[in-house]
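Here, residue 1 is the first one in the sequence, and each next residue gets the next number.
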Amino acid sequence: MQEPKVVIAPSILSADFGAMREAVLALHDGGADWIHFDVMDGHFVPNLTFGAPMVAALRPHCNLPFDVHLMIEHPERLIPDFAAAGANGITVHAEACVHLHRVIQQIRELGCSVGVALNPHTPLEIVRHILPAIDLLLIMTVNPGFGGQAFIELMKPKIVEARLIIERSAPHVLLQVDGGVSPENARELTELGAHVLVAGSSVFSAPTPQEGVRALRFALMSQKA
């Protein structure tokens, strides 16, 4: 059986906010599969980034899927705005949703694919019973809020456990890893079970974003044994 392609979803959190259009075009040119938007509200996480207007402003310039990760309190208030702005997929944090299943239904009804994210300390048991209702499970491998953090090695067993749970109960679900992803660990993360890799600082610290994306892709190919 042919091995499925790993999705590379660069996060524009690490891009120059004064040149976001150029950043998105560079990622497209470099071979990115998705564009990842880290939306932060300064409450759920200690940082403030951008909102739905940024997604709407960039949507006409790129036909790649827009993967919106809402690190915000009460995400149900803003989900319609991000869907209308052009998000293809919306991920919410289980920790931020009192009625998680209701929020999942809301995203689905707006025509977007549905993701649920877990902070490093949050057990997988929290999402076990809703996995069949979602499309993507995001395992945070840093504490959310800031780019450029080091990968938390303790999260490797959690990735493996998540992969096993998905295989048993919801094999359609994509397993996404976000935090400290780089060419140095990309292949190992896919071997542990990741289907989607989110990388920000490693992509934008390269000489060009195109080279950053290509370095990740090359690492995935060259480390095969």
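With rounding to the nearest 0.5 angstrom, the CG atom of Asn185 is 10.0 Å from the OG1 atom of Thr190. Residue Arg163 holds its CZ atom at 5.0 Å from CD of Glu167, rounded to the nearest 0.5 Å. Note that NE2 of His36 and CG of Leu197 are 11.5 Å apart. Values are rounded to the nearest 0.5 Å. Atom CG in Leu174 sits 6.5 Å away from atom NE2 in His195 (nearest 0.5 Å). In this structure, CD1 on Ile139 lies 12.0 Å from CD1 on Ile152, to the nearest 0.5 angstrom. To the nearest 0.5 Å, the span separating CG on Leu136 from CG on Asp67 amounts to 6.5 Å.
Linking ILVMFWY residues whenever their side-chain heavy atoms come closer than 4.5 Å, directly or via other members, leaves Leu137 and Trp34 in distinct clusters. Linking ILVMFWY side-chain heavy atoms closer than 4.5 Å, directly or via other members, places Val160 and Val6 in a single hydrophobic cluster. Hydrophobic clustering (ILVMFWY, side-chain heavy atoms < 4.5 Å, transitive): Val198 and Val68 are in distinct clusters. Taking hydrophobic clusters as Ile, Leu, Val, Met, Phe, Trp and Tyr residues chained together by side-chain heavy-atom distances below 4.5 Å, Leu118 shares a cluster with Phe151. Both Val196 and Leu138 belong to a single network of hydrophobic side chains, linked directly or stepwise wherever heavy atoms of I, L, V, M, F, W or Y lie under 4.5 Å apart.
A pairwise comparison of heavy atoms in Ala32 and Val213 identifies N-CG1, 3.7 Å as the closest pair. Contact record, Val142 with Ala150: CG1-O, 3.3 Å, taken as the closest heavy-atom pair. The heavy-atom pair separating His172 from Ile134 by the smallest distance is NE2-O, 2.8 Å. Of all heavy-atom pairs spanning Ala194 and Val177, the tightest one is CB-CG2, 3.6 Å. When every heavy atom of Pro157 is checked against every heavy atom of Glu153, the shortest pair comes out as CD-O, 4.1 Å. Pro144 and Met71 make their closest contact through CB-SD, 3.5 Å (heavy atoms, listed as atom of the first residue, atom of the second, distance).
Looking only at distances, a side-chain donor or acceptor of Arg108 sits under 3.5 Å from a matching main-chain atom of Ala133. No donor-acceptor distance shorter than 3.5 angstrom exists from the side chain of Asp33 to the backbone of Ala9, with no hydrogens or angles considered.
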Would you tabulate the side-chain donor-acceptor contacts of residues 73-80 under 3.5 Å, counting partners in other chains and residues two or more places apart, or write 'none'?
| residue | atom | partner | partner atom | Å |
| --- | --- | --- | --- | --- |
| Arg77 | NE | His74 | O | 3.2 |
| Arg77 | NH2 | Glu73 | O | 3.2 |

Could you give the side-chain donor-acceptor pairs of residues 86-100 under 3.5 Å, partners two or more places apart or in another chain?
| residue | atom | partner | partner atom | Å |
| --- | --- | --- | --- | --- |
| Asn88 | OD1 | Arg59 | NH1 | 2.9 |
| Asn88 | OD1 | Phe66 | N | 2.7 |
| His93 | ND1 | Glu95 | OE1 | 3.0 |
| His93 | ND1 | Asn119 | OD1 | 3.4 |
| His93 | NE2 | His69 | NE2 | 2.8 |
| Glu95 | OE2 | Asn119 | N | 2.7 |
| Glu95 | OE2 | Thr122 | OG1 | 2.5 |

Below 3.5 Å, can you tabulate the donor-acceptor pairs from side chains in residues 15-28 to any protein atom, sequence neighbours excluded?
| residue | atom | partner | partner atom | Å |
| --- | --- | --- | --- | --- |
| Asp16 | OD1 | Gly18 | N | 2.8 |
| Arg21 | NE | His61 | ND1 | 3.2 |
| His28 | NE2 | Asn63 | OD1 | 3.3 |

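Between Leu58 and Ile12, some side-chain heavy-atom pair lies under the 4.5 Å cut-off. Between Leu189 and Thr141 there is no side-chain heavy-atom pair separated by less than 4.5 Å. Counting heavy atoms from C-beta on, the side chains of Cys62 and Ile35 come closer than 4.5 Å. Side chains of Thr49 and Met54 form no contact here, defined as non-hydrogen atoms less than 4.5 Å apart. Between His129 and His101, every side-chain heavy-atom pair lies at or beyond the 4.5 Å cut-off.
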Which is it for Lys158 and Glu161 under the salt bridge (charged side-chain N to carboxylate O under 4.0 Å, His left out) test, yes or no, and what are the steps along the way? CA-CA 5 Å; Lys158 187 176 184 179; Glu161 184 182 357; over 6 Å; no
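Arg214 has no carboxylate O lying under 4.0 Å from a charged side-chain N of Glu211, or vice versa, which leaves the two without a salt bridge.
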